[in-house]
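Below you'll find the structure, written out as structure tokens, and then a few comments.
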Amino acid sequence: MTSRQLLVSTRNTHKIEEIRHILGPQFEVFDLSIIPDMPEVEETGVTFEENAELKAIAASHLFDGWVIADDSGLEVDSLGGAPGVLSARFSGPGATDASNRTLLLERLSSVRGKSRSARFRCVLSLARSGTALASFHGSVEGTIINSEKGSLGFGYDPLFVPEGHCETFAQLGAVVKNTLSHRARALSALKQWNGWRG
Ligand code: ITT
């Protein structure tokens with residue numbers, strides 16, 4: 001079986017690791033380390049879909065083949081859907097995963113029980129030669145707990161307990177996360193895309 005080459009327009013090493021794991025041997029996955037000179041794409045969109053398209057189209061001008069970009073984040077119901085598209089930059093300039101988690105816990109310090117409901121969302125945009133061809137969505141519902149648990153994964157994983165489980169993504173680890181995550185669901189839709197058959 002020959003694998004299909006796919007460039008992922010990201011410099012986030014955690015995302016790439018998960019995408020490789022989820023897609024398996026059907027795809028040979030590259031990241032932006034193969035285009036070191038590509039300028040940073042400004043994420044000026046107001047939706048995950050817009051930002052995913054911006055990142056996918058930018059890389060597809062510089063790579064002759066299939067390109068996807070992943071725009072993803074956490075929506076917390078009691079915060080009106082924040083941090084949302086700003087998930088990576090939630091705590092401002094110089095934000096890190098750790099500073100973002102600290103701010104999230106601060107914002108939720110007086111919020112109890114069911115009101116701590118949240119979901120991760122992922123939108124993948126598929127592009128080729130400067131044109132966006134399709135987008136694929138995935139989400140996973142869950143709850144934000146009140147202190148960090150676990151050391152696996154990245155981003156908000158130590159605070160997010162997916163529905164149907166008692167542990168965070170950072171405790172459950174890659175094998176469980178990659179079967180039910182927002183990213184796994186969006187990638188499953190990408191794998192089933194009709195256009196691969198053409
Ligand atoms: P690229 O744009 O280069 O892909 P990025 O980290 O800036 O990398 P996004 O703009 O899509 O990516 O922001 C995603 C943020 O949402 C990420 O930095 C995490 O804070 C959070 N996030 C997304 N998926 C996550 C996951 O599976 N687990 C934990 N946090 C996640």
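Both counts, for ligands and for their atoms, begin at 1 and track the order of listing.
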- Message: In terms of relative ring orientation, are Phe120 and His182 parallel, tilted or perpendicular, with 30° and 60° separating the classes?
- Response: parallel
- Task: Tell me the residues surrounding ligand 1, counting only those with a heavy atom closer than 4.0 angstrom, sorted by chain and number.
- Result: Thr10, Arg11, Asn12, Lys15, Glu43, Lys55, Asp70, Asp71, Ser72, Gly73, Ser87, Ala88, Phe120, Phe154, Gly155, Tyr156, Asp157, Lys177, His182, Arg183
- Message: Restricting to salt bridge (Lys or Arg N to Asp or Glu O under 4.0 Å), what partner residues turn up for Glu141, sequence neighbours left out?
- Response: Arg119
- Spatial distance of atom CD1 (Ile19) from atom NE2 (His14) [nearest 0.5 Å]: 12.5 Å
- Note on the structure: Residue set satisfying salt bridge (Lys or Arg N to Asp or Glu O under 4.0 Å) with Glu167, at least two apart, ordered chain then number -> none
- State which residues pass salt bridge (Lys or Arg N to Asp or Glu O under 4.0 Å) with Arg20; sequence neighbours excluded, sorted by chain then number. none
- Distance, nearest 0.5 Å, that separates CZ of Arg121 from OG1 of Thr47: 11.5 Å
